[in-house]
Engineer: 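This is the structure I have questions about; it appears just below.
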Amino acid sequence: MIISIDGPAGSGKSTVAEEVSKKLNFIHFNSGTLYRAVCCYLLDINFDINQIKPDDQMPHFTLKIEYKNNQQIVLVNGKDYSARFRDNLISILCPIVSTNKFVRAVVDKAQRNFAKKHNLVVDGRDIGSFVFPNAEFKFYLDCSLNERALRRFKEEKLKNPNITLKEIKAQLKARDEIDKHKLYAPLVVPNGAVIIDSTNLTIAQVVKKILQIVKI
Ligand code: DC
């Protein structure tokens with residue numbers, strides 16, 4: 001069974017998906033990490049990410065998803081890049097990588113293969129709309145830009161004390177722009193998805209709403 005949770009950056013999808021998966025004894029699958037892993041790989045080979053266009057042919061790479069000791073492991077050409085996933089540079093460049101149709105095709109195939117063997121709560125941008133349009137339950141987690149920026153700012157300033165709220169807000173706005181207007185699989189509310197606005201809700205309240213609907 002697939003439960004999809006889509007939404008913009010910073011809407012809390014990943015935290016909510018993690019909680020919901022624990023309650024249901026499903027695997028939480030974070031689709032953004034696949035794009036982050038590919039982004040790390042492209043940086044490693046000095047690929048000029050800023051020049052990537054949606055239809056560009058990309059260097060060949062393999063993408064493998066494993067699940068060990070309750071942990072999702074993503075390997076690009078056999079290498080685990082997880083230590084760098086949350087670097088700010090990756091967050092800034094990853095949306096560009098995700099616009100490319102060849103990257104998306106490799107990522108989609110890996111996700112669909114993984115889903116054949118597992119019950120998943122998957123969070124992302126195109127899960128209920130493009131990757132798993134037949135997901136049994138679909139959610140779209142929304143949140144105001146201001147609130148998302150505040151949440152990100154609190155996290156980021158622990159790693160980077162010089163960062164400002166204004167910068168974070170500008171970065172999120174730029175990411176929204178790319179995510180919503182990309183040529184392939186843009187961020188949309190999937191057909192049949194339940195929209196939850198988390199601006200004034202706690203994580204626990206969002207999780208409760210989802211579990212009330214899923215009831216399994
Ligand atoms: O959820 P995240 O911030 O880790 O995602 C990183 C980037 O990957 C995001 O900018 C857009 C892209 N992405 C995507 O295009 N489709 C998904 N299903 C998940 C992420």
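Just so you know, ligand 1 is whichever comes first in the structure, and atom 1 is the first atom listed for that ligand. Here the structure is a predicted model, which is why all the values come from computation and not from measurement.
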Engineer: Salt bridge or not for Lys64 and Glu66, using N-O below 4.0 Å?
Structural biologist: yes

Engineer: Answer yes or no: does an N/O atom from Thr33 fall short of 3.5 Å to an N/O atom of ligand 1?
Structural biologist: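 There is no such contact.
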
Engineer: Is Ala9 touching ligand 1 with its side chain, its backbone, both, or neither, if touching means heavy atoms under 4.0 Å apart?
Structural biologist: neither

Engineer: At what distance is the nearest protein heavy atom to atom 11 (C) of ligand 1, and which residue and atom is it?
Structural biologist: Asp179 OD1, 3.4 Å

Engineer: Give the residue and atom name of whichever protein heavy atom lies nearest to atom 4 (O) of ligand 1, and the separation in Å to one decimal.
Structural biologist: Arg36 NE, 2.8 Å

Engineer: Run the numbers for me: atoms of ligand 1, each under 4.0 Å from some heavy atom of Ser98, listed by number.
Structural biologist: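 Per the distance check, 11 (C), 12 (C), 15 (O).
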
Engineer: Where on Ile178 is there a heavy atom closer than 4.0 Å to ligand 1, on the side chain, on the backbone, on both, or on neither?
Structural biologist: neither

Engineer: Quick check on contacts: which atoms of ligand 1 are under 4.0 angstrom from a heavy atom of Pro95?
Structural biologist: 10 (O)

Engineer: I'd like to know if the side chain of Asn100 and the backbone of Lys53 have a donor-acceptor N/O pair within less than 3.5 Å.
Structural biologist: yes

Engineer: As an exercise, state the distance from CD1 of Ile127 to CD1 of Ile5, rounded to the nearest 0.5 Å.
Structural biologist: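 Separation between the atoms: 10.5 Å.
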
Engineer: Determine whether the side chains of Asn146 and Ser144 contain a donor N or O and an acceptor N or O closer than 3.5 Å.
Structural biologist: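 Not at all, the side chains of Asn146 and Ser144 share no donor-acceptor pair under 3.5 Å.
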
Engineer: Considering only heavy atoms from C-beta outward, does the side chain of Val121 approach that of Phe29 to under 4.5 Å?
Structural biologist: no

Engineer: Looking at Arg104 and Asp126, is any side-chain nitrogen of the basic one under 4.0 Å from a carboxylate oxygen of the acidic one?
Structural biologist: yes

Engineer: For ligand 1, which atoms have a heavy atom of Ile127 less than 4.0 angstrom away?
Structural biologist: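 That gives atoms 18 (N) of ligand 1.
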
Engineer: Considering only protein heavy atoms, which is closest to atom 9 (C) of ligand 1, and at what distance to one decimal place?
Structural biologist: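 The closest one turns out to be Arg125 NH2, 3.4 Å.
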
Engineer: Using a strict threshold of under 4.0 Å (side-chain N to carboxylate O), is an ion pair present between Lys101 and Asp55?
Structural biologist: yes

Engineer: Please work out which of Gln111, Arg175, Lys13, Lys182 has its closest non-hydrogen atom nearest to atom 3 (O) of ligand 1.
Structural biologist: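 When every heavy atom of Gln111, Arg175, Lys13, Lys182 is considered, Arg175 comes closest to atom 3 (O) of ligand 1.
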
Engineer: So which protein heavy atom does atom 16 (N) of ligand 1 come closest to, and at what separation?
Structural biologist: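 Of every protein heavy atom, Arg104 NH2, 3.2 Å lies nearest to atom 16 (N) of ligand 1.
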
Engineer: Check contact between Arg86 and ligand 1, using heavy atoms of the residue and a distance below 4.0 angstrom.
Structural biologist: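 So Arg86 counts as touching ligand 1.
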
Engineer: For ligand 1, which atoms, with element, lie under 4.0 Å from some heavy atom of Ser31?
Structural biologist: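 Heavy-atom distances to Ser31 below 4.0 Å select 17 (C), 18 (N), 19 (C).
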
Engineer: Can Asp6 and Arg125 be counted as an ion pair, charged N to O under 4.0 angstrom?
Structural biologist: no

Engineer: Between the side chains of Lys173 and Glu177, is the shortest nitrogen-to-carboxylate-oxygen separation below 4.0 Å, so that they form an ion pair?
Structural biologist: no

Engineer: Which of the numbered atoms in ligand 1 are below 4.0 angstrom from a heavy atom of Cys94?
Structural biologist: 6 (C), 7 (C), 8 (O)

Engineer: So, Asp123 versus His28: side-chain donor-acceptor pair below 3.5 Å or not?
Structural biologist: yes

Engineer: Specify the protein heavy atom at minimum distance from atom 18 (N) of ligand 1: its residue, its atom name, and the distance to 0.1 Å.
Structural biologist: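 Sorting protein heavy atoms by distance from atom 18 (N) of ligand 1 puts Asp126 OD1, 2.6 Å first.
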
Engineer: Could you tell me which residues satisfy ring-ring contact (aromatic ring centres under 6.0 Å, His included) with Tyr41, sequence neighbours excluded, listed by chain and number?
Structural biologist: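 By the ring-ring contact (aromatic ring centres under 6.0 Å, His included) rule, Tyr41 matches Phe61.
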
Engineer: Of Ala185, Gly32, Gly128, which has the heavy atom at the shortest distance from atom 20 (C) of ligand 1?
Structural biologist: Gly32

Engineer: Answer with side chain, backbone, both or neither: which part of Asp6 has a heavy atom less than 4.0 angstrom from an atom of ligand 1?
Structural biologist: neither

Engineer: Quick one: nearest non-hydrogen protein atom to atom 8 (O) of ligand 1, plus distance?
Structural biologist: Tyr35 CB, 3.5 Å

